[in-house]
Asks: 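The structure under discussion is supplied below as structure tokens; questions concerning it will follow.
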Amino acid sequence: MQIQTSRFGAVTIKAEDVLSFPEGLLGFNELRQFVLLDDPTDEIFAWLQSCEDANIAFPILEPELF
């Protein structure tokens, strides 16, 4: 499966890597499918990328870092 992202262009993902949020995320109720993408330019951050809107992605990181 291929999704379009604003940060990384077209990205190929596996269907089993898609995370489903049946009620969406707070403030983004209409977006229900996301995937975690590693940032190739930054070891600390990854992105919770929407599969439905290429412009929506949330930076995430390991809480143990803080």
Asks: Does the side chain of Met1 come within less than 4.5 Å of Val18's, by heavy atoms?
Replies: yes
Asks: Do Val35 and Leu48 belong to the same hydrophobic cluster, where Ile, Leu, Val, Met, Phe, Trp and Tyr are linked whenever their side-chain heavy atoms lie under 4.5 Å apart, directly or via other members?
Replies: no
Asks: Could you give the distance from OG1 (Thr12) to CG (Asp17), rounded to the nearest 0.5 Å?
Replies: 11.5 Å
Asks: What do you reckon, is CD of Glu30 surrounded by more than 12 foreign heavy atoms closer than 6.0 Å?
Replies: yes
Asks: Kindly write out the residues that satisfy side chain to side chain donor-acceptor pair (under 3.5 Å) with Ser20, not counting sequence neighbours, or none if the list is empty.
Replies: none
Asks: What residues, two or more places apart in sequence or in another chain, satisfy side chain to side chain donor-acceptor pair (under 3.5 Å) together with Asp39?
Replies: Thr41, Trp47
Asks: Quick one: CZ on Phe8 to CD1 on Ile3, what's the gap to the nearest 0.5 Å?
Replies: 10.0 Å
Asks: Quick check: is Leu31 connected to Leu36 through a chain of hydrophobic side chains (ILVMFWY, heavy atoms under 4.5 Å apart)?
Replies: yes
Asks: For the residue pair Leu25 and Phe21, what are the closest heavy atoms and their distance?
Replies: CD2-CD2, 3.6 Å
Asks: Do you know which two heavy atoms are closest between Asp38 and Pro40, and how far apart they sit?
Replies: O-CD, 3.3 Å
Asks: Does Glu43 CD have over 12 foreign heavy atoms under 6.0 Å away?
Replies: no
Asks: When you measure from the side chain of Asp42 to the backbone N and O of Ile44, does any donor-acceptor pair fall under 3.5 Å?
Replies: yes
Asks: Sequence neighbours excluded and cut-off under 3.5 Å, please list the side-chain donor-acceptor pairs for residues 50-63, or say none.
Replies:
| from | atom 1 | to | atom 2 | distance (Å) |
| --- | --- | --- | --- | --- |
| Ser50 | OG | Glu52 | N | 3.0 |
| Ser50 | OG | Asp53 | N | 3.0 |
| Glu52 | OE1 | Arg32 | N | 2.6 |
| Glu52 | OE1 | Gln33 | N | 3.3 |
| Asp53 | OD1 | Asn55 | N | 2.9 |

